[in-house]
Amino acid sequence: MIDFLRMEEMSELLNDDIDGFGYWFFIRDKVYSKISELEPKNSGNHQSVTSKIDQTFGTNVMGLTNRKIVASDIFYLIKNIIWSNPIFYKKHHDILFFTSPRRTFIDGKYFEYWTDELAEIYKERGITAEFLNITSHMRPYWTEKVLELDAVDVLPVLTYKVFGLNSREKDKCKIKAKRVVRAIHDYLDFDIQISWVYSLICSRYYWYKKKAKYFTKMLENIRPKVIVEICGYSTNSMIINEIAKKHCIPTIELQHGIIGREHISYNFLVNRKYNYLPDKLLVFSDYWKNTCNFPIGDENIISCGYPFAEMQKKRYPVDKSKDKKVISILILSQPIFHDKLVPFIEKTLHLLKETDLLFSVIYKLHPTEYSKSLDEWSVLTRYQEVSICGNSDIQLYELFATSDIQIGMTSTSIFEGLLYDLDTCILDIGNSKERMKDLCDEGYAKFIYSAKELSDYLLEYKRSKNTRNKINFFKPNATKNITNEINRYLI
């Protein structure tokens, strides 16, 4: 990553813009991901980076071609775009929560992991705004007041497809695309397709112009004293952060996942203020403050905790009645690693069946995998010890409470599992070695390179329980800590 950070600094891409639009901020993660994906690990060979343009970052509606659209989705989209357009909402609230569309089903309603508890606490003073989850929202909501931002998500994407940029704007984007390609070639010795970069810049430029108008009107109507957001590096959030600064509205981002040294959106070479970033970042604990170089000032990166984790840990305490003769193994699936994870686990199961180890495996699907056919895991389910957890009826923390060992790659859930003192194995799949390096180097988890090594580890666990370092990845009293920060702006 350090070479990439030097490249963007030396080439001054972070300071460049198109009529005030800092295009590099809106594409840097895409470019970095593509280079990282194709970068040779132990070779100095010159690489050519080509890619089919993927426009899903920051605009969930772009994924609608990959999802079956039902009639109710279309009805709500039309309703929200025409009759419930958020720019027509004209009521003041002290707090505006820009939440995540990711929710879990609890007690008959869909609970958003990061902001719903806060929204409930501030229900007399705040309102929640939610972007689309592909083409719909997960209803019924846990909270009562939710603005659905379908118009902001859908209209800029659709009108871009129909109208696009004018010739003058296209020329400006082409010049900037050439600059990016040249910088990457000169500093990183990579050739990246100019057409790919050009498409990224054009779409983000158009979305930026349209979305900025919506968000400006929205903030002027609601007039919040503070904004609380999730995923501060998304296209929507960066636009909101810039507009909020113009209106002197402070923005607070809540940590929602891993923000380590390999997460490009939380790392910059120089500690310089940028309008697209939030004013404060509330992290899970002190551990996370040292895992990245986020340029908003150390005093603005504050340890607060994770309210949802605390709530679920109390709700699902460790199951002390579980059978100690049988090792309970929890596997945390991630869809981007599916093709490598399944054969890795199948080989491990084959090896374990040749031993006398008593074990059970719960293969926990990622929520985005729930709609897939279980046939995709048929090579695993032929083992009687394996069960697939593929719906939201069973809470993840309920599985933590009954497990001995967790196995995964780069999921934030791994850190949540450590709340239950689970022995933890990180598999050598995808970018797990880079993303989870600190966790393994510091003795909190074991890095596993092969099915044979995993099998041996599980056998050794049975003979003599492994010992590892312990740390609190989540600061206690999270809700109180976060509300204290919010209350600073409500005087």
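Residues Gln406 and Ile414 are in side-chain contact: their nearest non-hydrogen atoms beyond the backbone lie under 4.5 Å apart. Counting heavy atoms from C-beta outward, Ile407 and Val361 have side chains that stay 4.5 Å or more apart. For the pair Glu262/Asn431, no side-chain contact is recorded, criterion being any heavy-atom separation below 4.5 Å from C-beta on. A 4.5 Å side-chain heavy-atom check between Phe344 and Phe337 finds every atom pair outside the cut-off. With contacts defined as side-chain heavy-atom distances shorter than 4.5 Å, the pair Leu374/Thr381 does not qualify. No side-chain heavy atom of Tyr461 sits under 4.5 Å from any side-chain heavy atom of Phe359. In this structure, the side chains of Leu14 and Leu269 stay at 4.5 Å or more apart for every pair of heavy atoms. Proximity of Phe284 to Ser303: side-chain heavy atoms (C-beta onward) are nowhere separated by under 4.5 Å.
The main-chain N or O of Glu120 is never found under 3.5 Å from a side-chain atom of Glu144 such that the two would form a donor-acceptor pair. Within the 3.5 Å criterion, the main-chain N or O of Tyr449 finds no donor-acceptor partner in the side chain of Asp428. Not a single donor-acceptor pair under 3.5 Å links the side chain of Glu117 to the backbone N or O of Phe308. A donor-acceptor pair under 3.5 Å is absent between the side-chain atoms of Ser33 and the main chain of Lys30, judged by distance alone. Lys475 places no side-chain N or O within 3.5 Å of a backbone atom of Asp286 that could act as its donor or acceptor partner. Side-chain N or O atoms of Ser285 include one that pairs as donor or acceptor with a backbone N or O of Phe473 at under 3.5 Å. Side chain of Ser432 to main chain of Ile429: a donor-acceptor pair is present (N/O by atom type, distance under 3.5 Å, no hydrogens or angles).
Taking both residues in full, the closest heavy atoms of Leu422 and Gly417 are given as CG-O, 3.4 Å, listed atom of the first, atom of the second, then distance. Between Gly260 and Cys292, the shortest heavy-atom contact is O-CB, 4.1 Å. Of all non-hydrogen atoms in Val152 and Lys211, the two that sit nearest each other are O-NZ, 3.1 Å. Contact record, Cys440 with Ile426: SG-CG1, 3.8 Å, taken as the closest heavy-atom pair. What you find for Glu369 and Gln334 is that their closest heavy atoms are OE2-C, 4.2 Å. Of all heavy-atom pairs spanning Cys425 and Leu454, the tightest one is SG-CD1, 4.0 Å.
Taking the six-membered ring for Trp, Tyr274 and Phe268 have ring centres closer than 6.0 Å. Checked against a 6.0 Å centroid threshold, the rings of Phe415 and Phe474 do not count as neighbours. Here Tyr316 and Tyr397 keep their ring centres 6.0 angstrom or further from each other. The aromatic ring centroids of Tyr113 and Tyr306 lie 6.0 Å or more from each other.
The neighbour count for Lys313 NZ, taken as heavy atoms of other residues, nucleotides or ligands under 6.0 Å away, is above 12. In this structure, Lys340 places its NZ atom where only 12 or fewer heavy-atom neighbours from other residues, nucleotides or ligands lie under 6.0 Å away. More than 12 heavy atoms of other residues, nucleotides or ligands shown are found within 6.0 angstrom of CD on Glu299. Atom NE2 of His350 sits in a sparse spot, with 12 or fewer heavy atoms from other residues, nucleotides or ligands closer than 6.0 Å. The local environment of CD in Glu376 is crowded, with over 12 non-hydrogen atoms from other residues, nucleotides or ligands closer than 6.0 Å. The 12-atom threshold is exceeded at NZ of Lys289, counting heavy atoms of other residues, nucleotides or ligands nearer than 6.0 Å. Counting non-hydrogen atoms of other residues, nucleotides and ligands closer than 6.0 Å to CG of Asp441 gives a total above 12. Applying the 6.0 Å contact sphere to NZ of Lys322 captures more than 12 heavy atoms from other residues, nucleotides or ligands.
Classification of the Tyr266-Phe294 ring pair by plane angle, with boundaries at 30° and 60°, yields tilted. Using cut-offs of 30° and 60° for the angle between ring planes, the Trp142 and Phe111 rings count as perpendicular. Between His256 and Tyr233, the angle of the ring planes lies from 30° to 60°, which puts this pair in the tilted group. Relative orientation of the His338 and Trp377 rings is perpendicular, given thresholds of 30° and 60° on the angle between their planes.
Residues that satisfy the salt bridge (charged side-chain N to carboxylate O under 4.0 Å, His left out) test with Asp438, not counting sequence neighbours, are Arg261. With sequence neighbours excluded, no residue satisfies side chain to side chain donor-acceptor pair (under 3.5 Å) with Asp323. For Thr368, the side chain to side chain donor-acceptor pair (under 3.5 Å) partners two or more places apart in sequence, or in a different chain, are His366. In this view, Lys452 and Asp456 satisfy the salt bridge (charged side-chain N to carboxylate O under 4.0 Å, His left out) rule, not counting sequence neighbours. Legend: residues meeting side chain to side chain donor-acceptor pair (under 3.5 Å) with Glu229, ordered by chain and number and at least two apart, are Asn241.
Between the CG atom of Leu149 and the CD1 atom of Ile87 there is a distance of 11.5 Å, given to the nearest 0.5 Å. Rounding to the nearest 0.5 angstrom, the gap separating the CG atom in Leu132 from the CG atom in Asp150 is 4.0 Å. Rounding to the nearest 0.5 Å gives a distance of 5.5 Å between CD1 of Ile258 and CZ of Arg435.
Side-chain contact check for Asp319 and Tyr420: no donor-acceptor pair (N or O, by modelled atom type) lies under 3.5 Å.
Salt bridge status for Glu148 with Arg139: present, with a side-chain N to carboxylate O gap under 4.0 Å. Residues Asp116 and Lys109 are not paired through a salt bridge, judged by the lack of any N-O separation under 4.0 Å between the basic side chain and the carboxylate. Under a 4.0 Å N-O distance rule, the pair Arg382/Glu346 qualifies as a salt bridge. With respect to Glu385 and Lys353, a salt bridge is recorded, a charged nitrogen being found less than 4.0 Å from a carboxylate O.
Contacts classified as salt bridge (charged side-chain N to carboxylate O under 4.0 Å, His left out) and involving residues 231-259 (residues at least two apart or in different chains) are given here: Lys245-Asp279.
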>> Using side chain to side chain contact (heavy atoms under 4.5 Å, CB included), reason through Met409 and Leu332 one step at a time and then give a plain yes or no.
In response: CA-CA 8 Å; Met409 286 74 62; Leu332 301 168; over 6 Å; no
> Can you check side chain to side chain contact (heavy atoms under 4.5 Å, CB included) on Leu419 and Phe400, steps first, answer last?
Replying inline: CA-CA 9 Å; Leu419 275 171; Phe400 287 146; over 6 Å; no
> Would Glu460 and Lys446 satisfy salt bridge (Lys or Arg N to Asp or Glu O under 4.0 Å), going step by step from the backbone distance to the final call?
Replying inline: CA-CA 13 Å; Glu460 183 61 28; Lys446 169 71 174 175; over 6 Å; no
> Going through the checks in order, is the side chain to side chain contact (heavy atoms under 4.5 Å, CB included) test met by Tyr489 and Ile252?
Replying inline: CA-CA 11 Å; Tyr489 303 102; Ile252 298 174; 3.8 Å; yes
> For Thr128 and Glu112, what are the C-alpha separation, side-chain angles and deciding distance, and is it a side chain to side chain contact (heavy atoms under 4.5 Å, CB included)?
Replying inline: CA-CA 11 Å; Thr128 294; Glu112 195 273 345; over 6 Å; no
